[in-house]
Amino acid sequence: MIDFHTHILPNIDDGPVDWKEALSLLRQGMEDGIRGAVSTSHVLNRLDEILENRMLETFQELQLRARQEGIEMTLWLGSEIHCQSVFSYTSKVATINGQRKYLLFELPLGDIPLDANERIFDMGINGIVPVLAHPERNMQIMRNPETVFELVNRGVLMQLNGGSITGVFGTKVRKVAEILLNHRLIHFVGSDCHGGGSRPMLLSRAYREIHKNWGEETARNLFYRHAHLAVQGKPVSVPPPISFDRPRKKRWFGF
Ligand SMILES: [Fe+2]
């Protein structure tokens, strides 16, 4: 499995606080069957040169320390960029594996701000495929999951948190995750691990759940194939989403 969304760099964001915690997260992932992970630390305001260099240096040191510890997990560098952050597509850490092809972005949990739509449009005209982090946790999407159908039709791909389908974030989030999977609106899965015990690097339960309910082909695409292509900057061909058929309104004719 490839974990497409992780917070594994120590002291960059609200992820691990030191090397010990970062390495124990990777060991936990290995035990769970994760063999590749994209490091996606938060960029909440501005991705400047100082933050870029810190992320690059910390990532290289993590790769080195993991190798020294015998942790055979392939790591790629990217970011989880807030939709209202200031950044450049040319930054080495903005896009997944610096390929300038896929970019993981997040929305506020409450709504979808207007400038997020402008940003999605801007990514499209710059040849970047936006990947929305955990849409199932956004309140506006929870109220109206059909929004995701519209976003996918505009070229956005979707990353589900593994814990959302296993119930870690509650029954409502789980229900929304099921709706999105039923409509073929999910393309990647990530643990969104942060460490600290409560946000582990685990995906195998989610894999089993998706394998059981949506089949082997979907599970392999979501947990391996799509991520494998994305880290190389190659096109990911996704099946067309299934539209939401609204129940027809009853018509009443008065005589
Ligand atoms: Fe995250």
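Keep in mind that what you see is a predicted model, and the values were worked out from it rather than measured. Whatever order the structure lists them in is the order used to number ligands and atoms, beginning at 1.
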Quiz item: Between R65 and E69, is there a side-chain N and carboxylate O pair less than 4.0 Å apart?
Solution: no

Quiz item: By ring-ring contact (aromatic ring centres under 6.0 Å, His included), which residues pair with Y89, not counting sequence neighbours?
Solution: F87

Quiz prompt | Closest approach of I165 to W214 (non-hydrogen atoms, all atoms of both residues) | solution = CD1-CH2, 4.0 Å

Exercise. Check the Fe ion (ligand 1) and write out every protein N, O or S atom at under 2.8 Å, as residue and atom.
Key: H5 NE2, H7 NE2, E80 OE1, D192 OD1

Practice problem: Might you confirm whether atom CD1 of I125 has over 12 heavy atoms from other residues, nucleotides or ligands at distances under 6.0 Å? | Solution: yes

When the side chains of residues 29-36 are checked against the rest of the protein, which donor-acceptor pairs come out under 3.5 Å, sequence neighbours left out?
residue	atom	partner	partner atom	Å
D32	OD1	S204	OG	2.5
D32	OD2	L203	N	2.6
D32	OD2	S204	N	2.7
D32	OD2	S204	OG	3.4
R35	NH1	M30	O	2.9

Self-check item: Residues that E217 engages under side chain to side chain donor-acceptor pair (under 3.5 Å), provided they are two or more places apart
Solution: R225

